[in-house]
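So the structure is just underneath, and the comments pick up after that.
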Amino acid sequence: MRHLLSTRDLSRDEAIAILDVAEDMAEVADREVRKLPALRGKTVVNLFFEDSTRTRISFEAASKRLSADVINFSAKGSSVSKGESLKDTAQTLAAIGADAVVIRHHSSGAPLVLAESGWIDAAVVNAGDGTHEHPTQALLDAFTMRRRMHGKAARGRALDGVTVTIVGDILHSRVARSNVWLLATLGASVTLVAPATLLPIGIGEWPVAVSYDLDAALAAGPDVVMMLRIQSERMHAAFFPNAREYSRQWGLDDERLATLGADSIVMHPGPMNRGLEISSRAADSAKSTVLEQVANGVSVRMAVLYLVLYGTHQGGETVVTDERTVS
Ligand code: NCD
């Protein structure tokens with residue numbers, strides 16, 4: 001795997017292989033010394049043009065656990081605020097000798113531009129681009145579901161037959177898009193629930209069912225309920241009457257939480273608007289995997305960085321091939 005730009009172009013085998021390498025990486029987190037020498041001598045740059053808490057520190061932790069040198073670059077406080085272009089920034093990183101660039105950008109497609117530009121010969125990992133994709137988030141979500149559903153027997157498995165209901169601001173959500181493609185590839189059934197104003201045009205072509213009625217969707221007994229943040233910063237119009245109305249109709253409140261099946265789980269990529277799309281009780285309940293998702297994110301990002309930089313399984317078995325492959 002040369003780059004990770006989206007989940008849409010991952011095959012089922014590739015996706016399972018990434019999750020399996022992440023399982024290997026998760027074992028490192030349980031050791032006394034949580035470090036592997038795998039990326040010693042490699043330089044990973046975190047290039048963040050948009051705000052982030054979890055994703056940025058997660059990539060930083062992942063790089064450090066693999067012994068890479070990490071450079072954190074955030075657009076605020078850099079020359080980007082003086083109008084420096086992506087090209088100049090990329091060429092500067094190339095001159096520094098970056099081997100991998102983890103990029104978050106407000107423009108959909110920026111990671112693809114960087115990967116195909118020729119400005120820099122580094123592996124590119126998309127950490128969220130506009131409303132387009134956020135592949136490592138979807139992979140860590142799938143990893144979390146797979147562990148919850150299959151426990152210790154998760155390795156090698158997909159998510160066939162798992163039912164996932166994704167609720168909320170689908171229109172602005174790169175997390176929803178990456179999840180939809182990956183979950184379809186892994187055999188899960190996805191239902192999207194949102195007000196019509198927060199569903200994108202063209203939704204009919206996505207491999208999902210659509211519902212406007214959260215209570216009806218929950219009554220179907222999904223294995224996973226994934227709540228999405230209302231992305232006010234991307235809204236330049238009124239998409240729903242007001243916050244109270246939204247949470248009454250589309251929020252996972254305490255009453256709805258009580259109707260969920262015994263083995264079902266509640267997911268949220270964070271950051272959460274407590275009291276809007278999710279109640280505090282739901283966020284903190286035993287069903288919630290919010291912090292598990294964060295912890296798993298480090299293992300998944302270790303796997304992704306390792307695979308884009310070396311493309312091999314730890315045991316020497318090649319899982320994803322390309323010109324960087326070392327078997
Ligand atoms: C998401 C993002 O930035 O796309 N957060 C994350 O990466 N954990 C979702 C969001 O901002 O709502």
Side-chain angles (χ1 to χ4, degrees), residues 4-8 22 46-63 72 74-76 102-112 125-145 164 166-183 192-195 198-200 224-236 239-240 243 246-247 250-252 265-278 282-283 288-302 304-305:
L4 178 67
L5 304 176
S6 77
T7 57
R8 196 172 185 168
N46 284 326
L47 184 58
F48 278 63
F49 293 89
E50 242 189 28
D51 294 345
S52 169
T53 307
R54 267 155 290 268
T55 306
R56 195 183 57 72
I57 61 175
S58 180
F59 270 108
E60 183 173 351
S63 306
N72 286 316
S74 86
K76 276 182 200 139
V102 176
I103 177 172
R104 168 167 288 197
H105 202 282
H106 41 81
S107 298
S108 299
L112 179 68
V125 178
N126 180 2
D129 60 331
T131 58
H132 175 231
E133 282 227 30
H134 191 353
T136 57
Q137 178 70 44
L139 285 161
L140 76 87
D141 291 338
F143 183 89
T144 305
M145 290 179 213
V164 183
I166 305 179
V167 188
D169 186 358
I170 311 287
L171 179 64
H172 300 103
S173 180
R174 52 200 178 200
V175 174
R177 284 170 182 73
S178 284
N179 262 292
V180 163
W181 305 125
L182 183 63
L183 289 169
L192 302 180
V193 185
L198 288 178
L199 287 169
V224 178
V225 180
M226 183 185 294
M227 304 307 296
L228 296 174
R229 184 174 66 91
I230 290 293
Q231 304 203 12
S232 312
E233 78 278 18
R234 296 190 211 276
M235 294 186 188
H236 307 293
F239 288 86
F240 47 86
Y246 181 88
S247 84
W250 315 105
L252 184 62
I265 58 172
V266 172
M267 306 184 77
H268 193 303
M272 295 183 277
N273 293 306
R274 285 173 184 255
L276 181 54
E277 73 266 1
I278 188 165
S288 165
T289 60
V290 172
L291 295 176
E292 231 169 280
Q293 287 168 265
V294 176
N296 290 339
V298 178
S299 307
V300 165
R301 289 171 177 128
M302 287 169 78
V304 167
L305 287 169

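For clarity, every value in this text was computed on a predicted model and none was experimentally measured. Counting starts at 1 for both ligands and their atoms, in listed order.
Judged by the 6.0 Å distance and 45° axis criteria, R301 is positioned over the aromatic ring of F59.
Under the ring pair (Phe, Tyr, Trp, His ring centres under 6.0 Å) criterion, F240 pairs with Y246, sequence neighbours left out.
Distance check: N126 CG to L5 CG gives 6.5 Å after rounding to the nearest 0.5 Å.
Contact residues of ligand 1 (protein heavy atom closer than 4.0 angstrom to a ligand atom; sorted by chain and number): T55, R104, H134, Q137, R174, V175, R229, Q231, P269, G270, P271.
T55 and R104 share a donor-acceptor pair across their side chains, judged by distance under 3.5 Å alone. With 3.5 Å as the limit, one finds no donor-acceptor pair spanning the side chains of H172 and R229.
Ring planes of F49 and H106: perpendicular class, angle over 60° (limits at 30 and 60°).
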